[in-house]
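Numbers restart at 1 for each chain; the letters A, B, ... are given by sequence-line order, proteins then strands.
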Amino acid sequence: MSDHATLGARVKEKQVVKASRVPSLTADLASSCVWDDNMVADSQLRQRDVSFVTIGGGIGSFALVDTLRIAGVSAENISVIGPFANAYESLKSLLINSQIPDSHRIRSGSSDRMDNIWGWPGYGMAEAFRRKNPLLLMHLAAEPVLCEYYTPRASDVYASMDREAERISWHQMFTPGKVPLVRKRREGGYFVVVVPPDNADSTSDVSDSKLEIIRARYVHLSLGAAGLRILPDLESYRAITGDMNHVVNVYEPHEHVYRALIERPGSSVLVRGAATSAMEVIGRLIHDRNSHDSKVVIYHLLHHYVKEPKGSPMWRIPGGNGFAYQAFTFTKGAYGGQLQDRWRSLRSDEDRTRLLGLLASTAIPKRRQWLRELARGTSEGWYKMLAGSAAGLQKGDNEKIVATIDHNTADHHDDHGSENAASTLEVDYVIDCTGVTVDVRDHEVLADLIDCGGAGLNAIGQLAVNRSFEVEGAYSGNGKVFTTGFSALGNPYVVPMYSFWGYQYCALTIANSLANEGFCNRINTRRSIGGWWRLVRNRTP
Amino acid sequence: MTFTLAGRIQTRLFLAATVGVLWTAIITPFLPSPPMGAIGGVGMVPMQMSRLMILIPTPYNPTPIDYQMTFGTIGMMAVVGVVWELLYHLLQQFRWDKDWPPLFTLLAGIPEGLVLWYVIHLVHVENGTVALNSPGMPMFAIHFATTWLLMWLFMVGPMKVAILRWRFEGGRII
Ligand SMILES: Cc1cc2nc3c(=O)[nH]c(=O)nc-3n(C[C@H](O)[C@H](O)[C@H](O)COP(=O)(O)OP(=O)(O)OC[C@H]3O[C@@H](n4cnc5c(N)ncnc54)[C@H](O)[C@@H]3O)c2cc1C
């Protein structure tokens with residue numbers, strides 16, 4: 001499964017997060033799932049009112065706040081709570097870990113513009129004008145038929161979000177902190193508990209004055225993937241050997257691996273995974289080979305060796321050289337096209353699981369440069385592709401790692417197909433790029449929302465949402481909790497939940513539903529054109 | 001572009017009714033109307049030197065027949081287009097990504113233009129010969145090509161601004 005796509009949720013055993021873990025809550029508050037104004041007043045904690053609170057402060061929060069501001073909600077009525085002042089900060093560190101530094105290009109299209117809900121002019125057009133490069137415009141007109149898809153540089157994404165943040169007064173709405181709890185308010189709406197940053201990690205020693213309670217009618221949660229959950233075999237290797245250095249997940253900081261490979265030329269590394277992040281890692285390794293003479297030997301473990309396009313005529317995924325090819329994380333038609341309609345028409349969880357398997361296939365964009373480099377590596381003997389699945393990691397002699405590979409599960413690669421069911425491989429490092437898992441319960445605030453706030457779960461154990469991304473069961477009087485992104489995966493409405501497109505789609509849907517309640521204006525044609533014109537002139541919405 | 005079938009058809013009708021109609025109203029007086037008698041139109045090729053010696057087309061007095069021809073063409077482009085969209089939707093099913101690159105839409109103007117030329121004769125929007133060297137051809141070609149290009153340019157850009165939900169809902173407008 002692809003790195004993002006494996007986000008199949010594992011529902012852990014019910015582990016009730018106790019509110020008493022939150023420092024300085026009175027016993028009264030800690031023990032009740034529904035709070036009222038008097039209880040909170042008695043606690044003498046700092047308190048303020050705001051209509052709309054978004055928790056996370058990342059990409060999902062940014063998309064929604066941007067849309068609401070355009071729909072006419074004033075900055076005073078919105079509060080953003082998160083650890084980082086810049087909405088892209090969390091994404092940026094994951095991108096850097098997975099070898100997409102600022103100067104590299106991310107994996108979404110020109111019109112999936114985080115700073116512009118209209119998507120026009122796209123990142124590509126903006127870059128063409130900035131760099132006075134009309135060829136880029138032709139590229140945009142010809143993609144993906146005559147050339148590969150244009151994708152924006154990470155730095156351009158950040159810079160344009162900085163500009164938009166300024167325009168919508170993001171920093172004025174932003175409060176740094178972590179939210180451990182959201183509790184229902186008896187009179188309707190919610191209480192959001194905010195722990196300021198210096199205390200976010202310590203659960204003791206907090207003076208009462210630091211904790212803040214926000215009373216809000218609407219709450220939005222977009223918390224990203226909680227921490228990193230590395231795969232079981234990595235986990236057990238680390239637990240048994242105590243070695244945290246030689247076996248890493250691509251989303252963890254692992255610069256030390258590249259440094260060590262340069263310092264000890266001729267070392268070997270096993271890269272696991274057949275999706276984009278594996279290719280970015282291999283790209284980095286090849287770069288270090290070329291510029292630092294690292295002489296690294298790369299073993300690349302794929303689940304399946306894809307020899308050629310595969311599937312029925314109507315469902316034939318392009319492929320070759322070991323990989324399946326797809327431009328973006330999800331099949332394009334799932335981003336609002338006919339595959340979205342198809343998704344919505346399905347009624348059973350089995351059908352959805354089957355379709356999701358197709359839409360989120362493990363694949364890489366067909367970048368000619370990557371394939372050229374791999375072909376060169378194969379012929380020069382420093383790149384070896386293996387088909388099979390990882391079946392155990394052990395510590396060998398001389399700091400080596402012994403990886404067992406089970407070939408039974410794999411479609412054999414002509415050159416490397418072995419008769420043996422399993423083989424072992426000795427390498428110096430292992431970089432796993434096969435995925436992370438997400439579990440709503442890893443987020444304390446979501447676990448509490450389930451246990452205390454009545455939030456329901458869907459078939460894959462994520463939060464159950466309705467068509468407007470309201471969390472079902474968590475209603476409180478006229479108040480609503482919305483969630484977008486990872487925690488609403490598996491909903492029957494939208495597939496690419498964790499993509500720029502998906503965040504904007506959800507934001508627009510939520511804004512429309514809030515417009516029906518009179519909280520903001522509907523973005524009709526007049527408001528849309530007017531709002532766009534203000535954006536173009538960089539005026540406040 | 002990630003079109004659904006309904007989205008394709010709605011987009012086509014919307015573009016024809018907005019960009020198509022507006023552009024046709026603007027450009028008709030500037031089109032090289034075929035000489036009277038040739039196919040029933042009136043007027044001369046309206047090119048004239050301005051005082052500044054810059055070549056600019058000058059509008060002439062278009063006749064109702066000219067408008068009938070140009071608006072009839074746009075109307076037929078929309079009507080026949082619905083059938084074309086069915087074909088495109090079918091072809092889209094053979095694409096893994098189930099999408100429709102903008103280049104396809106742009107290039108579709110060539111076969112569509114040719115078929116449309118025959119169709120407008122069939123329904124008597126245009127009279128005279130269907131041969132490609134017909135005196136009515138320049139007027140049709142300039143009108144159709146510019147309209148198609150403008151509709152395409154509108155679709156890949158301003159359309160997203162005019163109707164925010166359009167690109168999120170498979171090209172549907174309602
Ligand atoms: C390596 C990588 C590359 C990607 N590339 C693309 C791409 O090219 N195109 C694309 O469209 N999508 C891409 N995505 C997918 C997606 O767009 C991003 O993951 C996006 O950042 C997710 O947004 P989010 O709001 O869910 O989470 P984030 O942007 O991660 O923000 C969530 C924030 O919430 C904070 N938080 C968590 N719990 C709490 C709490 N209790 N209280 C307060 N704050 C909390 C977190 O610390 C984090 O800062 C990529 C994802 C990854 C991992």
Side-chain angles (χ1 to χ4, degrees), chain A residues 67 70 111 116-122 125 140-146 149 309 311 313-319 324-328 330-342 358-359 361 363 494 501 504-506 508-509 511-512 523-525 527-529 531-533 535-536, chain B residues 1-11 14-15 17-19 22 85-110 148-174:
Chain A
T67 309
I70 289 161
S111 58
N116 176 342
I117 59 169
W118 294 275
W120 187 72
M125 199 161 162
L140 291 169
E143 71 176 19
V145 186
L146 304 179
Y149 268 110
M314 299 279 193
W315 283 105
R316 186 182 297 283
I317 187 164
Y325 300 124
Q326 178 169 288
F328 300 111
F330 297 93
T331 312
K332 191 99 192 334
Y335 297 83
Q338 66 168 93
L339 295 174
Q340 166 146 307
D341 280 11
R342 163 75 84 94
L358 288 171
L359 302 186
S361 298
V494 174
W501 183 91
Q504 291 187 325
Y505 180 93
C506 294
L508 197 55
T509 310
N512 274 341
I523 308 179
N524 54 19
T525 293
R527 183 164 274 276
S528 180
I529 295 172
W532 179 80
W533 187 233
L535 172 92
V536 170
Chain B
M1 305 274 139
T2 50
F3 283 121
T4 58
L5 178 58
R8 288 177 166 286
I9 293 172
Q10 289 181 19
T11 301
F14 177 84
L15 288 174
T18 52
V19 182
L22 201 68
E85 296 299 353
L86 292 173
L87 174 69
Y88 302 149
H89 185 69
L90 177 71
L91 294 177
Q92 181 171 298
Q93 303 316 304
F94 293 91
R95 290 179 58 75
W96 166 256
D97 264 314
K98 308 282 183 267
D99 66 336
W100 200 248
L103 186 66
F104 287 3
T105 308
L106 184 63
L107 295 181
I110 298 167
W148 190 262
L149 185 68
L150 275 180
M151 281 172 47
W152 182 81
L153 285 172
F154 190 82
M155 186 189 77
V156 296
M159 182 82 188
K160 301 172 183 170
V161 176
I163 300 167
L164 184 50
R165 286 194 80 78
W166 176 75
R167 75 187 173 108
F168 291 103
E169 294 290 1
R172 277 179 293 240
I173 289 157
I174 43 173

If only atom types and distance count, is the side chain of B/E85 paired as donor or acceptor with the main-chain N or O of B/I9 below 3.5 Å? no
Just so I understand: if I count every heavy-atom pair under 4.5 Å between each of [options] and chain B, which residue has the most?
{"options": "A/T525, A/T331, A/L359", "answer": "A/T331"}
{"options": "A/V145, A/I317, A/I529", "answer": "A/I317"}
{"options": "A/S111, A/P309, A/A334", "answer": "A/S111"}

Taking the side chain as everything from C-beta on, heavy atoms only, tell me whether [X] gets closer than 4.5 Å to [Y].
{"X": "B/R8", "Y": "B/Q92", "result": "yes"}
{"X": "A/Q340", "Y": "A/V494", "result": "yes"}
{"X": "A/V536", "Y": "A/W118", "result": "no"}
{"X": "A/M125", "Y": "A/W120", "result": "yes"}

Below 4.5 Å from any heavy atom of chain B, which atoms of [X] appear? Answer side chain, backbone, both or neither.
{"X": "A/W533", "result": "neither"}
{"X": "A/L339", "result": "side chain"}
{"X": "A/L358", "result": "both"}
{"X": "A/N116", "result": "backbone"}

What part of [X] gets closer than 4.5 Å to chain A, counting heavy atoms only: side chain, backbone, both or neither?
{"X": "B/V161", "value": "both"}
{"X": "B/R172", "value": "side chain"}
{"X": "B/W166", "value": "neither"}
{"X": "B/F3", "value": "backbone"}

Within 45° cone and under 6.0 Å: A/K332 NZ/CZ vs B/W96 ring: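 Relative to the ring axis of B/W96, which defines the angle, A/K332 lies outside at least one limit.
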Testing the basics here: between B/W148 and B/L106, what is the closest heavy-atom pair and its distance to 0.1 Å? NE1-O, 3.1 Å
Considering all heavy atoms of both residues, which atom of A/I117 and which atom of A/Q504 are nearest to each other, and what is their separation?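 Smallest heavy-atom distance, with atoms named: CA-NE2, 3.8 Å.
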Only pairs of heavy atoms separated by less than 4.5 Å count here; which of B/G171, B/P102, B/A162, B/A6 has the most with chain A? B/A162
Give the member of B/R167, B/Q93, B/E169, B/K160 that has the highest number of heavy-atom pairs under 4.5 Å with chain A. B/R167
Please verify the inter-ring angle class for A/W501 with A/Y505; under 30° counts as parallel, over 60° as perpendicular, anything in between as tilted. parallel
